[in-house]
**Q** 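First, the structure itself, so that you have it in front of you.
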Protein chains: 2
Amino acid sequence: MKAVAELRPRRSRQGPRRRASEIIDAAAQVFAERGFHGASTQDIADVLGIWQASLYYYFASKEAALEQVCTRGVEGFLESAAEIVASPGTATEKVQRLIESHLTPVRERTAFVKVFLKERQHLPDESRRRIGRLSRAYERLIEGVLKTGVANGEFRADLDCRLATLGFLGMLNAASMWYGKEGGATIERMSEEFGRLLLDGMQVSRPTRAARGKPRA
Amino acid sequence: MKAVAELRPRRSRQGPRRRASEIIDAAAQVFAERGFHGASTQDIADVLGIWQASLYYYFASKEAALEQVCTRGVEGFLESAAEIVASPGTATEKVQRLIESHLTPVRERTAFVKVFLKERQHLPDESRRRIGRLSRAYERLIEGVLKTGVANGEFRADLDCRLATLGFLGMLNAASMWYGKEGGATIERMSEEFGRLLLDGMQVSRPTRAARGKPRA
DNA sequence: GCCGAATTCTATAGATCAATAGATGGCATT
DNA sequence: AATGCCATCTATTGATCTATAGAATTCGGC
């Protein structure tokens with residue numbers, strides 16, 4: 001429809017990639033708010049103050065835009081996890097660092113991470129599979145650290161590493177959904193609190209829960 | 001389009017609510033698979049083997065169908081949590097029972113719970129607010145149990161009850177997304193493993209993580 | 001075998017939306 | 001100040017989808 005052309009400051013030419021990145025930022029924001037199918041290309045154009053058809057100068061299809069958003073949503077996770085896994089340190093220390101490195105993109109690229117988590121299922125087959133492989137590789141890295149921890153006695157022998165990995169990711173990924181809406185929930189606080197919750201539940205040797213469960217009052 | 005009329009066994013008249021419930025089951029299944037906006041009413045009709053327009057005998061609009069699905073997706077959570085909270089027992093015991101009661105609907109009504117979790121944002125204002133109130137009341141019940149546990153010394157004094165509640169729900173809700181896809185992940189196993197993870201992370205008095213973190217190998 | 005209600009079908013209106021094609025205007029460089 | 005490219009606009013097409021209206025069919029009960 002209309003696109004308040006009068007108010008739009010004509011963009012001076014920036015680096016060639018710069019404007020393209022603004023377009024994808026807008027797409028990420030809109031997809032995060034309304035979902036991929038719930039958002040129209042018009043919605044994206046409105047954020048930018050340009051006409052709907054102009055978007056097609058930057059991407060070939062709405063699905064291609066989703067792919068770019070999701071790609072930015074996963075990028076970095078695998079790399080920094082691999083770095084942590086390869087570095088020296090106990091499994092406990094690695095888990096703590098994995099938590100921090102998982103939450104950092106949530107602060108830096110909230111919309112991208114949200115879209116990756118909720119909308120990647122709507123990607124066309126090829127890119128969905130590509131991104132699915134990345135996710136699975138990431139999960140495997142985490143699960144590997146847990147298994148190492150079990151093997152060397154840091155973690156309980158009966159820890160179900162697969163379930164613990166899924167629980168770990170479930171807890172941390174939920175954070176991306178309410179980050180920004182929950183007042184005091186900073187990345188630092190979450191890293192600390194979730195680190196304690198998860199690590200204390202994995203580690204060995206403590207009295208049974210039933211025994212400790214008795215309240216003193 | 002077409003709706004294989006030859007193959008469809010004409011439904012004999014069942015209880016008045018019975019057929020309506022089958023329609024909503026189909027909607028839940030389709031919404032869970034493709035998302036609310038990604039699913040067409042045609043998709044729902046295809047599952048049932050009837051014509052798209054016939055659905056409107058059962059609901060007034062696609063959004064009304066979503067509302068019915070989401071309502072069935074939340075129902076029971078609040079009631080059984082309230083019952084647990086009101087019953088006698090330690091906070092530890094209550095948390096364990098809250099975990100089990102949260103996961104049970106995931107087995108019984110997987111599609112409904114998934115749709116509630118992922119699609120409720122697309123409900124029209126009024127019903128979204130109604131369902132939002134239910135969710136928040138549920139969260140408050142859980143947070144209340146954690147606070148009680150901190151107050152009576154079962155849980156760490158420095159436990160961030162709000163974050164722990166959100167982490168708790170994040171972990172458990174993620175389960176509904178992969179339940180059925182992860183081979184050995186039964187509700188019982190998950191209750192047990194997630195119970196240990198979360199409770200051990202909340203309870204008091206153990207050596208520092210750093211000290212226990214040293215591997216023996 | 002007929003009646004009436006429950007259920008499904010047929011036909012279509014009306015809206016929305018992604019995507020294409022080509023025109024237009026500005027800006028940097030010369 | 002003329003040129004050429006980058007970015008956006010204008011106009012439109014065709015597909016898809018929700019929803020409505022009313023006709024037709026089924027079935028249980030009589």
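Residue numbers start from 1 in every chain, and the chains themselves are labelled A, B, ... in the order their sequence lines are given, proteins ahead of strands.
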**Q** Nearest-Å distance, CZ (A:Arg19) to C1' (D:dC5)?
**A** 17 Å
**Q** Which part of the nucleic acid, if any, lies within contact of A:Ala39, taking any heavy atom under 4.0 Å across all strands shown: a base, the sugar-phosphate backbone alone, or nothing?
**A** sugar-phosphate
**Q** Roughly how many Å is it from CD in B:Gln42 to P in D:dT16, rounded to a whole number?
**A** 12 Å
**Q** Starting at OH of B:Tyr56 and ending at C1' of D:dT20, how long is that distance when rounded to a whole Å?
**A** 10 Å
**Q** Under 4.0 Å between a side-chain N or O of A:Ser54 and OP1 or OP2 of D:dA7?
**A** no
**Q** Regarding B:Arg97 and B:Glu83, does a basic nitrogen lie under 4.0 Å from an acidic carboxylate oxygen?
**A** no
**Q** Mind calculating the distance between CZ (A:Phe59) and P (D:dA7) to the nearest angstrom?
**A** 15 Å
**Q** Which whole-number value in Å describes the distance from B:Gln52 CD to C:dA11 P?
**A** 15 Å
**Q** What nucleic acid atoms does A:Ala65 come within less than 4.0 Å of, heavy atoms only: base, sugar-phosphate, or nothing?
**A** nothing
**Q** Tell me whether the OP1 or OP2 atom of C:dT8 has a side-chain N or O from B:Tyr57 closer than 4.0 Å.
**A** no
**Q** Rounding to an integer number of Å, can you tell me how far B:Trp51 CH2 sits from D:dT25 C1'?
**A** 15 Å
**Q** Students often get this wrong, so: under 4.0 angstrom with heavy atoms, is B:Ser40 touching a base, only sugar-phosphate, or nothing?
**A** sugar-phosphate
**Q** Quick one: is D:dT8 close enough that its OP1 or OP2 comes under 4.0 Å of any side-chain N or O from A:Tyr58?
**A** yes
**Q** Considering every strand and a 4.0 Å limit on heavy-atom distances, what is the contact class for B:Thr41: base, sugar-phosphate, or nothing?
**A** sugar-phosphate
**Q** Can you check the B:Glu63 CD to D:dA19 C1' distance for me, whole Å?
**A** 13 Å
**Q** Which heavy atom of A:Val145 sits nearest to which heavy atom of A:Lys94, and what is that distance?
**A** CG1-CB, 4.0 Å
**Q** Any ion pair linking A:Lys147 and A:Glu143 (charged N to carboxylate O, less than 4.0 Å)?
**A** yes
**Q** Expressed in angstrom and rounded to an integer, what is the separation of A:Ile50 atom CD1 from D:dC6 atom P?
**A** 17 Å
**Q** Less than 4.0 Å between a side-chain N and a carboxylate O, is that true for B:Glu22 and B:Arg19?
**A** yes
**Q** Report the relative orientation of the aromatic rings in A:Tyr138 and A:His102; use parallel for angles under 30°, tilted for 30 to 60°, perpendicular for over 60°.
**A** parallel
